[in-house]
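Note: hydrogens, waters and symmetry copies are ignored here, and every other heavy atom, side chains too, is used. Indexing begins at 1, ligand by ligand and atom by atom, following the structure's order. Note that the numbering runs from 1 along the sequence shown for the chain.
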Amino acid sequence: MNDKDQIILAIESSCDETAVAIIKNGREILANVVASQIESHKRFGGVVPEIASRHHVEQITIVLEEAMNQAAITYGDIDAIAVTEGPGLVGALLIGVNAAKALAFAHNIPLVPVHHIAGHIYANRLVKEMTFPLLALVVSGGHTELIYMKEHGSYEVIGETRDDAAGEAYDKVARQLGLPYPGGPHIDRLAHEGSPTIDLPRAWLEKDSFDFSFSGLKSAVINTLHNAAQRGEEIKPEDLAASFQTSVIEVVVTKAKLAAEKYNVKQVLLAGGVAANKGLRAALEKEFLETDIDLVIPPLNLCTDNAAMIAAAGSIEFEKGKRAGLDLNGVPGLEL
Ligand code: KG4
Ligand code: ZN
């Protein structure tokens with residue numbers, strides 16, 4: 001490392017992972033530590049906010065120390081502390097925000113607030129340099145959005161979900177099938193064992209709309225299960241999973257392709273926890289293979305919540321001069 005290198009330490013605690021990462025020059029990961037709480041929330045079938053906050057308090061200093069050891073740096077080497085400001089669970093966000101403030105104050109390091117979704121998008125920059133204009137397809141537990149970016153740090157939401165996020169729909173359908181939380185990976189696995197033989201709706205919405213809606217699909221899955229139970233018929237969970245996944249992927253991939261063409265983008269970035277979905281990754285690869293649009297898909301560990309992505313987005317915000325004071329707060333409904 002030399003003096004000109006830019007070193008960013010980032011903290012992420014918006015939901016159920018306590019994460020600290022350190023990256024060099026916006027793109028090179030020196031440390032990326034994630035403490036997941038999934039095991040603690042499983043028996044409740046979802047994230048319990050109070051439990052999440054308590055875990056973050058317990059984990060944050062341990063994860064921080066581990067990241068500093070991995071990167072083998074001192075606080076004097078760090079140019080900025082980036083932290084997820086929102087959106088997320090307020091009690092969870094506050095743990096990360098307060099840790100970041102304490103570090104920034106104690107070591108006199110600039111504090112840079114980061115939007116969680118900007119982080120998901122910038123996970124891609126750890127894989128490949130961005131080329132603008134680009135389209136980001138964000139599919140996570142809380143968000144389903146198509147975002148147009150004409151340059152670094154500029155986000156125009158051109159489509160979003162009107163009800164459930166894609167990941168939320170996955171988790172709710174999984175719950176109906178008696179699968180553990182989070183259900184997305186289980187549906188993904190089952191879908192590959194079954195066939196899409198059950199007729200389920202696709203919500204295209206108005207012509208030319210890039211918005212999404214998944215609650216109708218979710219209800220259709222629930223109705224299918226109830227009707228079958230009343231008639232004493234058996235439905236193969238693999239086939240229902242395959243049918244559900246086919247519907248989600250068809251709508252998401254079609255809208256992403258139409259948006260990429262309409263906005264004439266050079267690159268399409270996949271982002272968010274549902275980006276780990278094998279069916280979605282394969283369908284996007286197939287759709288963009290024959291085009292001159294460059295498709296970037298992060299590795300699985302950078303799709304789900306982590307702090308390396310927050311550091312990557314923070315690096316750009318830092319360069320653009322974005323700073324927060326010690327009055328920084330966690331903002332649960334922060335807009336991009
Ligand atoms: O981005 P993320 O880690 O947290 C949020 O910011 O929301 O996304 C978590 C979501 C969960 O709903 C989970 O079920 C879903 O991502 N997920 C998947 C897969 N892996 C994780 N959904 C479908 N297929 C997967 N393989
Ligand atoms: Zn996330």
Sub-4.0 Å heavy-atom approach of His116 to ligand 1: yes
- prompt: Going by heavy atoms, is Pro185 under 4.0 Å from ligand 1?
  reply: yes
message: Let's go through Glu317 and Lys320 carefully: what are the C-alpha distance in whole Å and the side-chain angles of both, what is the deciding distance for salt bridge (Lys or Arg N to Asp or Glu O under 4.0 Å) to 0.1 Å, and is it a yes or a no?
response: CA-CA 5 Å; Glu317 298 293 1; Lys320 289 187 128 195; 5.9 Å; no
statement: Value for CD1 (Ile109) from OH (Tyr75), rounded to nearest 0.5 Å, stands at 8.0 Å
- prompt: Going by an N to O cut-off under 4.0 Å, is there a salt bridge joining Asp294 and Lys128?
  reply: yes
- prompt: Please state which protein non-hydrogen atom is closest to atom 26 (N) of ligand 1 and give its distance, to 0.1 Å?
  reply: Asp188 OD2, 3.1 Å
message: Please list, in number order, the atoms of ligand 1 under 4.0 Å from a heavy atom of Val274.
response: 15 (C), 16 (O), 18 (C), 22 (N), 23 (C)
message: Is there a polar contact between ligand 1 and Glu168, counting only N or O atoms under 3.5 Å apart?
response: no
Ligand-side contact atoms (ligand 1) for residue partner Ala276, heavy atom cut-off under 4.0 Å: 20 (N), 26 (N)
field: Heavy-atom pair with the smallest gap, counting every atom of Glu85 and Leu93
entry: O-CD1, 3.7 Å
- request: Answer with yes or no whether the hydrophobic clustering places Val114 together with Leu94; edges join I, L, V, M, F, W, Y residues whose side-chain heavy atoms lie under 4.5 Å apart.
  value: no
Per-atom contacts of ligand 1 with Gly184, taking only distances under 4.0 Å to non-hydrogen atoms: 14 (O), 18 (C), 19 (C), 22 (N), 23 (C), 24 (N), 25 (C)
query: Going by the atom numbers of ligand 1, which of them fall below 4.0 Å from some non-hydrogen atom of Gly167?
result: 12 (O)
task: Please check if any side-chain donor atom of Thr161 sits under 3.5 Å from a side-chain acceptor atom of Glu145, or the reverse.
output: no
message: Parallel, tilted or perpendicular: which one describes the rings of Phe212 and Phe214, with boundaries at 30° and 60°?
response: parallel
field: Ring centres under 6.0 angstrom apart (Tyr122, His152)
entry: yes
- prompt: Would you call Glu58 and Arg54 a salt bridge, using N to O less than 4.0 angstrom?
  reply: no
Structural part of Lys278 in contact with ligand 1, heavy atom criterion under 4.0 angstrom: neither
task: Run the salt-bridge test on Lys172 and Asp164 with the 4.0 Å N-O cut-off and return the result as yes or no.
output: yes
query: Among Val47, Val138, Asp171, which residue places a heavy atom closest to atom 12 (O) of ligand 1?
result: Asp171
field: Sub-4.0 Å atoms of ligand 1 with respect to non-hydrogen atoms of Pro182
entry: 14 (O)
- prompt: For ligand 1, which atoms, with element, lie under 4.0 Å from some heavy atom of Gly142?
  reply: 7 (O)
- request: Can you sort out which atoms of ligand 1 are near Gly141, meaning under 4.0 Å from one of its heavy atoms?
  value: 5 (C), 7 (O), 8 (O), 9 (C), 10 (C), 12 (O)
field: Within reach of ligand 1, part of Asp305 (heavy-atom separation under 4.0 Å)
entry: both
- prompt: Within the structure, does Thr304 bring an N/O atom to less than 3.5 angstrom of an N/O atom in ligand 1?
  reply: no
task: Answer yes or no: is there a side-chain heavy-atom contact under 4.5 Å between Leu146 and Leu135?
output: yes
Nearest non-hydrogen protein atom, atom 23 (C) of ligand 1: Asn277 ND2, 3.4 Å
message: Within a 6.0 Å radius of atom CD on Glu129, are there more than 12 heavy atoms belonging to other residues, nucleotides or ligands?
response: yes
- prompt: Just wondering, more than 12 heavy atoms not from Glu151 lying within 6.0 Å of its CD?
  reply: yes
field: Within-shell test, His120 vs ligand 1, heavy atom, strictly < 4.0 Å
entry: yes
Distance-only donor-acceptor pairs under 3.5 Å for side chains of residues 272-286, two or more places apart:
{"residue": "Asn277", "atom": "OD1", "partner": "Gln245", "partner atom": "NE2", "Å": "3.3"}
{"residue": "Asn277", "atom": "OD1", "partner": "Gly279", "partner atom": "N", "Å": "3.0"}
{"residue": "Asn277", "atom": "OD1", "partner": "Leu280", "partner atom": "N", "Å": "2.9"}
{"residue": "Asn277", "atom": "ND2", "partner": "Tyr170", "partner atom": "OH", "Å": "3.3"}
{"residue": "Asn277", "atom": "ND2", "partner": "Asp188", "partner atom": "OD1", "Å": "3.4"}
{"residue": "Asn277", "atom": "ND2", "partner": "Gln245", "partner atom": "OE1", "Å": "3.0"}
{"residue": "Arg281", "atom": "NH1", "partner": "Ala275", "partner atom": "O", "Å": "2.7"}
{"residue": "Arg281", "atom": "NH1", "partner": "Pro298", "partner atom": "O", "Å": "3.3"}
{"residue": "Arg281", "atom": "NH2", "partner": "Pro298", "partner atom": "O", "Å": "2.8"}

message: Working note: Thr18 + His56, criterion side chain to side chain donor-acceptor pair (under 3.5 Å); need CA distance, chi angles, decisive distance, verdict.
response: CA-CA 6 Å; Thr18 318; His56 286 308; 2.9 Å; yes
query: Among protein atoms, how many N/O/S atoms lie less than 2.8 Å from the Zn ion (ligand 2)?
result: 3
task: Would you mind finding which of Cys303, Gly119, Gly273 brings a heavy atom closest to atom 20 (N) of ligand 1?
output: Gly273
